[in-house]
Amino acid sequence: MLVTSRHLAEYRAFLDLTDADLGGRVLDCSAGASGFAAAVNAGGGTVTAVDPAYADLDALRAAVEGSLSGGAALIDAHADRFTWDWYGSPEGRQALRDEAREAFLADLAAHPGTYVPGGLPALPFADDAFDLAVCSHLLFTWADDTFDEAWHHAALTDLLRVAREVRVFPLVLQGAGEPVPFLPRLLDRFRAEGRTAEVRRVPYEFQRGADEMLVLGR
Ligand SMILES: C[S@@+](CC[C@H](N)C(=O)[O-])C[C@H]1O[C@@H](n2cnc3c(N)ncnc32)[C@H](O)[C@@H]1O
């Protein structure tokens, strides 16, 4: 799996985040080398980032460098499945990634307490520690035999334990952007458990058809 560096501007768009959303206690789960926490906290916000990769920072820095070429290869291999309307150009996308990666690395050095080692489905946080948890490009994106339907249910249930609202983007598989076969069943299961589960359109599209997020609530 790649350890990527998405930018605050990308998070704002694909999770449809407003200033009010960013004003509370926010968890970026599977944050990787994203510049989200660094940028929001620099503006006075309260974002915590969690990722198992924070347990070994030397390996993380190497993975961040490796993900640059890995991400480009993935897009090249499925070029017809991507649209550049939001980014404008590959260079525009790369510039965002470079800025986010530099912001992440600087903030990791300056505020290491923001970056907590840990992972789904057992996050190292108390119940109700956050108002909002966001998850970008782990859940659904990397669904496979390990991250299967039962794992996703456990992971999202743990996110709802620590935060009263959970937003997840995207809802398709990485690469070709195929739909996730178990997503409708999972939504029904959460609703049957008394949760709110809504698929909401967002003002962002890169993988064609991947323009929706999941919003879960208690
Ligand atoms: C593709 S990256 C996404 C990073 C960031 N959210 C972004 O959009 O740029 C996926 C991240 O998921 C993390 N990850 C892997 N297993 C995880 C788990 N069980 N719980 C939380 N994060 C996990 C990886 O370490 C990696 O940093």
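Note that ligands are numbered from 1 as they come in the structure, with each ligand's atoms numbered from 1 the same way.
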Q. Based purely on interatomic distance, does T4 place a nitrogen or oxygen under 3.5 Å from a nitrogen or oxygen of ligand 1?
A. yes
Q. Which bit of A33 is near ligand 1, meaning a heavy atom under 4.0 Å away: side chain, backbone, both or neither?
A. neither
(Q) Under 4.0 Å between a side-chain nitrogen and a carboxylate oxygen: does that hold for D128 and R164? (A) no
(Q) If the cut-off is 4.0 Å to any non-hydrogen atom of L2, which atoms of ligand 1 fall inside it? (A) 1 (C), 2 (S), 10 (C), 26 (C)
Q. What do we get for S5 next to ligand 1 when only non-hydrogen atoms under 4.0 Å count, side chain, backbone, both or neither?
A. backbone
Q) Hey, which atoms in ligand 1 end up nearer than 4.0 Å to a heavy atom of W151? A) 19 (N)
(Q) Is there a polar contact, in the sense of an N or O pair closer than 3.5 Å, between Y11 and ligand 1? (A) yes
Q. For atom 25 (O) of ligand 1, which protein heavy atom lies nearest, and how many Å away is it?
A. D51 OD1, 2.6 Å
Q: Could you tell me if any non-hydrogen atom of F104 lies under 4.0 Å from any atom of ligand 1?
A: no
Q) Could an N or O of ligand 1 be found under 3.5 Å from any N or O of S34, whether backbone or side chain? A) no
**Q.** Protein contact of atom 6 (N) of ligand 1 - nearest heavy atom, named by residue and atom, plus distance
**A.** S30 O, 2.7 Å
(Q) Could you check whether R161 pairs with D158 (Lys NZ or Arg NE/NH1/NH2 to Asp/Glu carboxylate O, under 4.0 Å)? (A) yes
Q. Any N or O of L120 that comes nearer than 3.5 Å to an N or O of ligand 1?
A. yes
(Q) For F125 and F130, take the angle between the two ring planes, folded into 0 to 90°, and tell me which bin it lands in: parallel under 30, tilted 30 to 60, perpendicular over 60. (A) perpendicular
Q.
Checking contacts here: is it the side chain or the backbone of Y54 that comes within 4.0 Å of ligand 1, counting heavy atoms only? Could be both or neither.
A. neither
Q) Should R6 be counted as touching ligand 1, given the test is an N or O pair under 3.5 Å? A) yes
